[in-house]
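Okay, so here's the structure we're looking at.
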Number of protein chains: 2
Amino acid sequence: MGTDRPLPDLATLRPAGGKRSSKRDQILNVFLRQQAHLSADELFELVRREKAGIGRATVYRTLQWMVTAGVARKVDFGEGRSRFEPSYRHPRHFHLICANCHRSSEFLSSDVESLIEEIAAARHFAPSQSVVQIFGTCEECRTGKQTPTIDGATTELVFARDALRMAIATERSGLEFYTRAAAMTKDVRGRTVFERLAGEEREHLATLQKRYRELIAQDPQLESRPTFLFFKGAASGLFATGAEQLRKGVNDEQALLIGIECERGSHEFFKRYGERFEDSEGKQVFLEFADEERAHRDLLVREYRSLRERQGRHRRSRRTPIAKRAR
Amino acid sequence: MGTDRPLPDLATLRPAGGKRSSKRDQILNVFLRQQAHLSADELFELVRREKAGIGRATVYRTLQWMVTAGVARKVDFGEGRSRFEPSYRHPRHFHLICANCHRSSEFLSSDVESLIEEIAAARHFAPSQSVVQIFGTCEECRTGKQTPTIDGATTELVFARDALRMAIATERSGLEFYTRAAAMTKDVRGRTVFERLAGEEREHLATLQKRYRELIAQDPQLESRPTFLFFKGAASGLFATGAEQLRKGVNDEQALLIGIECERGSHEFFKRYGERFEDSEGKQVFLEFADEERAHRDLLVREYRSLRERQGRHRRSRRTPIAKRAR
DNA sequence: CTAGGTGCAAATAATTTGCAGAGGC
DNA sequence: GCCTCTGCAAATTATTTGCACCTAG
């Protein structure tokens with residue numbers, strides 16, 4: 001398990017501020033291979049087991065340095081000593097901590113993050129890091145029965161799974177939006193655009209689902225593992241609201257504008273989230289999806305311009321069209 | 001300042017599990033008078049200043065006991081030592097912690113709380129306590145200029161202020177809802193009910209605003225102090241959604257049902273929040289408001305029943321699609 | 001009378017520091 | 001050669017414990 005996980009390039013991770021060092025690399029190496037939250041002393045033990053002659057103080061000093069360098073993050077579960085975790089994978093994440101078995105499990109929540117940002121902004125506070133810890137009793141300690149978990153070895157997979165789930169939900173909602181928009185658009189060209197987008201969504205949906213199935217195949221338990229990434233907006237968000245607006249009745253132009261707005265928002269979201277993470281399948285999914293959304297938006301924008309132009313031409317008498325291709 | 005803040009009854013706070021004790025009361029007393037987050041040693045210093053002959057160990061033991069007894073809460077700001085805060089005032093609250101000046105400031109957020117609950121539920125985790133800490137730089141450290149703060153002496157006032165603000169926002173939104181509902185309701189009796197409710201909202205709104213002004217008069221800076229209680233749903237929540245639905249067009253019966261739903265939700269929220277806190281003006285506001293919402297809901301329910309009854313009587317001549325309400 | 005509370009000093013535990021020597025640039 | 005890193009041991013800091021003594025019920 002796990003030792004074969006691709007480690008990030010040490011040179012990249014170790015920023016300026018210290019000498020090349022030999023021992024540091026040793027310690028860093030051992031540290032990065034771990035998947036649990038280590039205490040300084042546990043790390044010391046591990047290091048000494050691999051190579052004798054490294055002092056405890058050095059481990060402490062190296063940990064300090066790793067934290068200031070941003071390679072490691074210090075977490076405090078209230079045990080009276082600090083634990084450390086590599087920070088390269090998920091820049092921000094939060095913890096569920098079982099008061100009984102002392103194990104911790106991680107999660108991401110873009111909803112919590114944005115609330116925190118809002119609150120900080122309201123207080124004119126410049127946030128640098130936030131800690132969210134939910135203490136309580138885990139399912140296993142409560143019911144006794146063992147349930148699939150997310151450990152270091154599976155985090156990547158689960159993250160990818162959740163990214164895909166979000167993308168699929170958004171895609172579904174987009175498909176519904178475009179289908180509805182196509183059905184109600186009067187302008188022929190506009191309708192064609194919506195139909196084309198609906199088609200693309202359908203196609204891409206199929207791709208995503210295939211990819212999802214492939215991912216699932218990598219770990220038979222993957223689907224039953226707990227949610228890692230919480231985000232309420234994916235399915236119930238932009239496109240759903242857009243479809244809602246369509247239902248109330250709008251004209252062709254408005255439908256296009258709504259579509260543009262949805263794609264823009266969706267693109268922003270996926271891009272922002274995708275950029276937050278280190279290389280991984282999940283990041284990939286986010287970024288690809290962001291790209292697709294932008295392409296769609298561009299298409300809609302072109303169509304919107306064209307519609308306006310044709311309307312303008314019609315409204316006046318007839319003028320020579322200037323086929324301006326945006327990009 | 002501040003020593004005259006009414007202290008909660010010691011007998012109530014000190015639960016079974018220990019002897020009457022004399023020193024403990026001393027320590028507890030000093031502790032409860034404080035408004036800052038004390039470290040064990042700081043408390044020891046304070047206690048020894050008031051009465052010599054109390055050992056450091058006793059302070060530590062008493063703090064431990066206070067925590068298990070639920071009188072105090074242990075907070076960890078990552079300084080390598082624990083701090084403690086009395087837990088009687090706000091059962092749950094979170095912290096903004098300035099990494100520069102090491103001061104911390106508190107906030108409440110029902111939004112964060114509910115997200116946390118959702119996440120815990122999704123993970124089948126039974127949460128008991130949650131910690132949210134936002135580390136960063138406070139406004140004062142960043143800009144140098146001093147801004148009004150929330151300290152122990154003003155927390156109660158600010159909490160009451162925010163409770164009132166929420167109530168006022170909800171009331172406003174309710175007023176709009178009922179005004180709109182009254183305007184579009186065809187049934188005379190139903191319209192009268194909506195008008196009456198609109199009237200009540202208007203009246204209560206005036207009361208709340210008066211109360212708000214009185215509160216503000218107690219502290220000239222009160223209005224400019226930062227937000228303590230974050231809750232997005234108050235103004236933009238239930239009633240606003242309800243009004244939105246009205247705008248889309250509904251019949252009398254549906255309008256009543258929407259009203260009932262809004263009042264129910266609103267009542268639940270204010271009740272739940274009101275129950276969470278120790279005696280204070282803010283709690284008062286929440287509970288009173290909860291009561292009012294329930295009264296309104298009851299009125300609407302009665303009216304709804306009456307309408308159904310009357311419709312039943314004239315069933316054959318009226319076009320009455322009976323919207324089945326599940327839930 | 002007796003269980004639990006208390007002070008003091010000593011013990012732990014986690015982490016830091018002083019200092020002489022080693023190693024990278 | 002200079003400056004930083006490193007190991008070791010000693011120091012510091014926060015907190016706990018052992019133990020003889022006290023006090024409320």
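Chain A is the first sequence line, chain B the second, and so forth, proteins listed ahead of strands; every chain is numbered from 1.
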>> Evaluate A/Asp219 against A/Arg225 for salt bridge (Lys or Arg N to Asp or Glu O under 4.0 Å), listing each step before the verdict.
In response: CA-CA 10 Å; A/Asp219 172 6; A/Arg225 290 192 196 278; 2.9 Å; yes
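Separating the CD1 atom of B/Ile27 from the P atom of C/dG5 is a distance of 12 Å, rounded to the nearest angstrom. Following rounding to the nearest Å, A/Gln26 (CD) and C/dG23 (C1') show an atom-to-atom distance of 14 Å. A/Met66 has its CE atom 14 Å from the P atom of D/dC5, to the nearest Å. For B/Asp25 and C/dG5, the CG to P distance is 13 Å, given to the nearest whole Å. Computed from coordinates, the B/Glu45 CD to D/dT15 C1' distance equals 16 Å when rounded to whole Å. Here the C1' atom of nucleotide D/dT15 and the CG atom of B/Asp76 are 13 Å apart, to the nearest Å. B/Arg56 places its CZ atom 13 Å from the P atom of D/dT16, with the value rounded to the nearest Å. The separation between A/Ile54 atom CD1 and C/dA22 atom P is 17 Å, rounded to whole Å.
Of all nucleotides listed (D/dG18, C/dT15, D/dT15), D/dG18 comes nearest to the side chain of B/Arg61.
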> How does protein contact run along nucleotides 9-14 of chain C, one letter per nucleotide 5' to 3', with B for base contact, S for sugar-phosphate only, - for none, heavy atoms under 4.0 Å?
Replying inline: -----S
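Here B/Gln64 does not reach the OP1 or OP2 of D/dT15: none of its side-chain N or O atoms lies under 4.0 Å away. Checking the phosphate oxygens (OP1, OP2) of D/dC5, a side-chain nitrogen or oxygen of A/Arg24 falls inside 4.0 Å.
Once rounded to the nearest 0.5 Å, the distance linking CZ of B/Phe77 with NE2 of B/His102 reads 12.0 Å. In this structure, the separation between OG1 on B/Thr62 and CZ on B/Phe44 is 11.5 Å, given to the nearest 0.5 Å. Atom CZ of residue A/Arg161 and atom CE of residue A/Met166 lie 12.5 Å apart, to the nearest 0.5 angstrom. Between the CD atom of B/Gln64 and the OG1 atom of B/Thr68 there is a distance of 7.5 Å, given to the nearest 0.5 Å.
By the 4.0 Å N-to-carboxylate-O rule, A/Arg83 lies close enough to A/Glu42 to be salt-bridged with it.
A distance below 6.0 Å separates the ring centres of B/Phe107 and B/Phe94.
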